[in-house]
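Single-structure report; data block below.
Reckoned from all heavy atoms, side chains included, excluding hydrogens, waters and symmetry mates. Note that ligands are numbered from 1 as they come in the structure, with each ligand's atoms numbered from 1 the same way.
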Amino acid sequence: MNRLLPLAGAIFLAVIAIYQYSRPAPRAAGPQTAAKGVAAASRGQQVFDKWCAACHGRGPGHPGTQSLELRYKGDPPGALEDRTDLAPETTAAFVRHGFALMPPFRKTEISDADLAELSAYLAKKR
Ligand code: HEC
């Protein structure tokens with residue numbers, strides 16, 4: 001485990017750097033997706049893709065996913081989108097307060113309405 005720490009640290013920093021770099025630019029959603037004939041993502045999924053996916057996306061290279069994978073050993077799964085046990089209140093608490101490497105998100109970043117959509121999306125209610 002100790003041998004992996006520098007590597008894990010480097011991955012964390014890289015992801016956070018990418019995350020910070022991409023933060024101010026709001027991603028255009030909708031028209032392009034629709035033009036390609038792909039079903040438009042729900043609002044909750046759009047919020048997830050913009051603010052959470054860098055750390056909580058599926059697969060390797062996502063520090064939140066990997067940390068949760070280690071913590072829970074796969075049950076529940078590390079990727080938040082594969083969870084079925086996330087109560088909306090739990091998601092909302094983590095989003096507003098942050099945890100460890102995860103920053104808190106302000107209402108100017110994720111509004112209460114968007115947080116409700118995001119929490120419902122992760123709770124599989126939307
Ligand atoms: C900079 C990376 C980062 C971002 C961005 C981020 N998180 Fe996290 N998140 C983490 C880390 C790291 C943890 C802690 C993992 C652990 O406890 O091992 C975590 C933990 C969580 C947990 C707790 C899960 C559990 O069962 O303990 C939830 C829920 C969560 N994040 C939701 C979100 C949501 C929703 C977003 C988007 C608004 C988000 N996170 C954005 C890194 C991030």
Side-chain angles (χ1 to χ4, degrees):
M1 185 60 205
N2 277 343
R3 280 186 305 127
L4 290 177
L5 278 179
L7 176 65
I11 293 171
F12 273 32
L13 289 177
V15 170
I16 287 165
I18 291 165
Y19 171 70
Q20 291 294 355
Y21 185 71
S22 62
R23 212 168 146 132
R27 196 184 305 163
Q32 291 104 326
T33 330
K36 281 187 209 147
V38 177
S42 69
R43 179 69 194 151
Q45 188 179 349
Q46 289 173 8
V47 176
F48 182 88
D49 286 347
K50 178 173 178 188
W51 296 102
C52 323
C55 291
H56 289 289
R58 293 186 179 99
H62 301 102
T65 302
Q66 273 162 320
S67 182
L68 291 170
E69 200 76 57
L70 282 176
R71 181 184 291 269
Y72 297 126
K73 302 186 170 47
D75 183 24
L80 297 182
E81 287 174 290
D82 294 334
R83 300 260 303 251
T84 52
D85 64 320
L86 273 179
E89 304 75 40
T90 308
T91 299
F94 275 94
V95 169
R96 286 292 182 237
H97 301 289
F99 180 73
L101 273 179
M102 176 175 161
F105 295 87
R106 299 183 205 95
K107 294 187 182 193
T108 48
E109 295 169 316
I110 300 177
S111 68
D112 283 338
D114 278 353
L115 179 55
E117 294 289 333
L118 170 65
S119 301
Y121 171 65
L122 291 178
K124 308 290 171 292
K125 288 184 184 149
R126 220 163 277 159

Min over G44, C55, G64 of heavy-atom distance to atom 1 (C) of ligand 1 lands on C55
Are any non-hydrogen side-chain atoms of W51 and V95 less than 4.5 angstrom apart? no
Under 4.0 Å from ligand 1, counting heavy atoms only, is it the side chain of F48, its backbone, both or neither? neither
Which of the numbered atoms in ligand 1 are under 4.0 angstrom from any heavy atom belonging to S67? 15 (C), 16 (C), 18 (O)
Enumerate the atoms of ligand 1 whose separation from the nearest heavy atom of I110 is less than 4.0 angstrom. 38 (C)
Relative to ligand 1, is A100 under 4.0 angstrom through side chain, backbone, both or neither, heavy atoms considered? neither
Would R71 count as being in polar contact with ligand 1, using the rule that some N or O on each side must be under 3.5 angstrom apart? yes
With heavy atoms under 4.0 Å as the rule, classify the contact between T90 and ligand 1 as side chain, backbone, both or neither. neither
Spell out, as yes or no, whether a donor-acceptor pair under 3.5 Å connects the side chain of T65 to the backbone of A79. no
Just which atoms of ligand 1 are under 4.0 Å from any heavy atom in Y72? 25 (C), 26 (O), 27 (O)
Closer than 4.0 Å to some heavy atom of W51 - which atoms of ligand 1 meet that? 5 (C), 37 (C), 38 (C), 41 (C)
For ligand 1, which atoms have a heavy atom of V95 less than 4.0 angstrom away? 34 (C), 35 (C), 38 (C)
Do any N/O atoms on R83 end up under 3.5 angstrom from N/O atoms on ligand 1? yes
Should the proximity of V47 to ligand 1, defined as any heavy atom under 4.0 Å, be assigned to the side chain, the backbone, both, or neither? neither
Go through ligand 1 atom by atom and flag the ones less than 4.0 Å from a non-hydrogen atom of L80. 30 (C), 32 (C), 33 (C)
Would you find more than 12 non-hydrogen atoms of other residues, nucleotides or ligands less than 6.0 Å from K124 atom NZ? yes
Rounded to the nearest 10°, what angle sits at atom 8 (Fe) of ligand 1 between SD of M102 and NE2 of H56? 180°
